[in-house]
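Nothing here was measured: the structure is a model prediction, and the numbers come from that model.
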2 protein chains.
Amino acid sequence: MRPSKRDELVQEALKVFYQNGFTATGMDLLVKKTGISKTSMYKHFRTKDDLILAVLRLRDEQLRNWFFRRVEELATRPIEQVLAIFDVLDEWFEQPEFQGCMFIKASSEFQCADDPIYSQCTEHKKLMHSSILKYVLAIETDEGEIPSDVAEKLAEQFMLLMEGATVLKHMGVSNSAAQDAKLAAVSLLQGNGICGYDA
Amino acid sequence: MRPSKRDELVQEALKVFYQNGFTATGMDLLVKKTGISKTSMYKHFRTKDDLILAVLRLRDEQLRNWFFRRVEELATRPIEQVLAIFDVLDEWFEQPEFQGCMFIKASSEFQCADDPIYSQCTEHKKLMHSSILKYVLAIETDEGEIPSDVAEKLAEQFMLLMEGATVLKHMGVSNSAAQDAKLAAVSLLQGNGICGYDA
DNA sequence: AAGTAAATGTACCGATCTGTAAACTTTAGT
DNA sequence: ACTAAAGTTTACAGATCGGTACATTTACTT
């Protein structure tokens, strides 16, 4: 019902964790940054890990919603949507708050395979993967649909390019990571006999 | 010059930081795991961050030496060496100690742009990049050498594939990340008119 | 106006954090 | 055998860690 405190906490905690790291951020810092008392926090979440899980759930929802909404704003034909993915990636990189992928970072700090935080990071990537696969499967060529094994291989390769771009951008290795990835994607489509796009 | 304590410390600290994270690992845990007294540690390194920097220097040296030695053991012709990169990547992934890329993880925990740890992570990736570029530049096609702008684009794209594969493998999203990346690399080479290999 | 649920401040727990001080023992080279 | 460096143990400082107890205040419902 309330729009309030709990959501407010999760939203603010997201920013702090994102900029500052999970382990490195103490609950006392969250108190200072959010103005919410520690007692209230522990009423809403039994442990710090529970709060982190809630933050990751919010992030997953926000990011996927925004990402694919933008993709569909930028293009309508599936083949163009696939390439638009990399333009949206670039938009993300250019946001001033960009600090890499929160799930890559979380899974680095909580890398134990049976940690629920780790599992949730894996889940997020799998959801990204399956959304991308949908776009690839929807592509139609002159000979009809793409064989599903080809589509799956392409979707996987696009994921590789996206994650690589995210990492190299965040590490300050490449400024043009997203556009380089896009060019690679074009090559990969062409290599599989797909070229019904004009950009 | 003894072979001793200092190097021993850095080597053991590497393992602990790699498995356990940097912020999450306290100096007391290092004492327990290495058997070296805290006083000795602080004789060798003024701060924990200095120790981390030494660990990263060792890791950079170890990893790059091992990686490109293996590449050159697996193949002699540049075109084949480029593809062997992804086989070596796979070997790395299958090592039981594999826990992702230490530099990606370090730069996630120390993401402030002016942090020397962050800079050192960036540096490592740039060194990887330039080694890969060397292999690509050495490729000879029927029409002679590859234009340097094409080689640079390819090297960048191979980096994207490698980092993406490392992340997706570490996050448990894909088991075949390195081989998927290799197939993508083949496509990218073909897309640029390069196909003088037989695998 | 009374009742109730939510949020608050403050003070605290025991453990752990990075880093230091001082005194003692081992080791290596002359 | 003497010295000096390198290593050790033990104890500690001061801050911060995740998490809790308790008493109080706010704000909405009836």
Side-chain angles (χ1 to χ4, degrees), chain A residues 1-56 58 105-106 108-112 114-118 120, chain B residues 1-56 58 105-106 108-112 114-118 120:
Chain A
M1 289 312 202
R2 309 292 162 294
S4 61
K5 292 293 168 185
R6 189 197 146 107
D7 299 342
E8 199 179 310
L9 164 61
V10 177
Q11 243 170 7
E12 281 299 316
L14 192 154
K15 290 184 198 167
V16 181
F17 282 135
Y18 187 46
Q19 303 290 326
N20 206 60
F22 295 94
T23 310
T25 299
M27 298 303 275
D28 290 320
L29 179 60
L30 289 178
V31 171
K32 201 186 298 178
K33 291 272 186 181
T34 64
I36 295 170
S37 69
K38 214 193 312 194
T39 314
S40 293
M41 291 183 182
Y42 278 96
K43 285 257 164 62
H44 289 301
F45 301 100
R46 278 181 43 258
T47 65
K48 183 187 181 185
D49 280 14
D50 281 353
L51 172 59
I52 294 176
L53 282 170
V55 164
L56 291 178
L58 174 63
K105 300 199 287 188
S108 290
E109 292 196 53
F110 307 90
Q111 44 185 349
C112 186
D114 56 6
D115 191 317
I117 296 178
Y118 175 89
Q120 192 154 319
Chain B
M1 284 301 164
R2 232 128 58 270
S4 63
K5 293 292 168 183
R6 188 197 147 107
D7 299 341
E8 200 179 310
L9 164 60
V10 177
Q11 243 172 5
E12 280 300 314
L14 192 154
K15 290 183 198 167
V16 182
F17 282 136
Y18 186 45
Q19 302 291 325
N20 206 60
F22 295 94
T23 310
T25 299
M27 299 302 275
D28 289 319
L29 179 61
L30 289 178
V31 171
K32 200 185 299 177
K33 292 270 184 181
T34 64
I36 296 169
S37 69
K38 214 195 307 197
T39 314
S40 292
M41 291 182 182
Y42 279 97
K43 283 255 165 64
H44 290 301
F45 302 100
R46 279 181 40 260
T47 65
K48 184 187 178 183
D49 279 14
D50 281 353
L51 172 59
I52 293 176
L53 282 170
V55 164
L56 292 178
L58 174 63
K105 300 199 286 189
S108 289
E109 291 196 53
F110 306 89
Q111 44 185 347
C112 186
D114 55 7
D115 191 316
I117 296 177
Y118 175 88
Q120 192 154 318

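- Across the protein-nucleic acid pair, Leu9(B) atom CG and dG7(D) atom C1' stand 13 Å apart, rounded to whole Å.
- Rounding to whole angstrom units, CG of residue Asn20(B) and P of dT16(C) are separated by 14 Å.
- The closest side-chain heavy-atom distance from Thr34(B) to Glu8(B) is not below 4.5 Å.
- In this structure, Arg6(B) atom CZ and dA5(D) atom P are separated by 18 Å, rounded to whole Å.
- Judged by distance alone, with hydrogens and angles left aside, the side-chain atoms of Gln120(A) form a donor-acceptor pair with the main-chain N or O of Leu53(A) at under 3.5 Å.
- Side-chain contact check for Val31(B) versus Met41(B): some heavy-atom pair is nearer than 4.5 Å.
- Comparing Arg46(A) and Ile36(B) by the nucleotide of DNA chain D that holds the closest heavy atom to each, the one mapping nearer the 5' end is Ile36(B).
- At dG19(D), one or more side-chain N or O atoms of Tyr42(A) fall inside 4.0 Å of OP1 or OP2 (strictly under the cut-off).
- Rounded to the nearest 0.5 Å, atoms CG (Leu51(A)) and CZ (Phe17(A)) are 5.0 Å apart.
- Between dA7(C) and His44(A), a contact under 4.0 Å exists linking OP1 or OP2 to a side-chain N or O.
- A donor-acceptor pair under 3.5 Å links the side-chain atoms of Lys48(A) to the main chain of Phe22(A), judged by distance alone.
- Shown for residues 21-34 of chain A: residues whose heavy atoms fall under 4.0 angstrom of DNA chain D, namely Thr25(A), Gly26(A), Met27(A), Asp28(A).
- Contact of Lys38(B) with dG19(C) (side chain to base): a donor-acceptor pair of N or O atoms is detected under 3.5 Å.
- Candidate nucleotides dG19(D), dT8(D), dG19(C) were compared by shortest atom distance to the side chain of Thr47(B), and dG19(C) ranks first.
- With hydrogens and angles ignored, the 3.5 Å screen pairs a side-chain donor or acceptor of Gln111(B) with a backbone N or O of Tyr18(A).
- The side chain of Lys48(B) lies closest to dT18(C), out of dA7(C), dG19(D), dT18(C).
- A donor-acceptor contact under 3.5 Å is formed by the side chain of Thr39(A) with the base of dA21(D).
- One interatomic measurement links the two molecules: CE of Met41(A) to P of dG9(C), which rounds to 11 Å at whole-angstrom precision.
- Using a 4.0 Å cut-off, some side-chain N or O of Ser37(A) falls inside it from OP1 or OP2 of dT8(C).
- Residues Arg6(B) and Leu9(B) are not in side-chain contact: their nearest non-hydrogen atoms beyond the backbone lie 4.5 Å or more apart.
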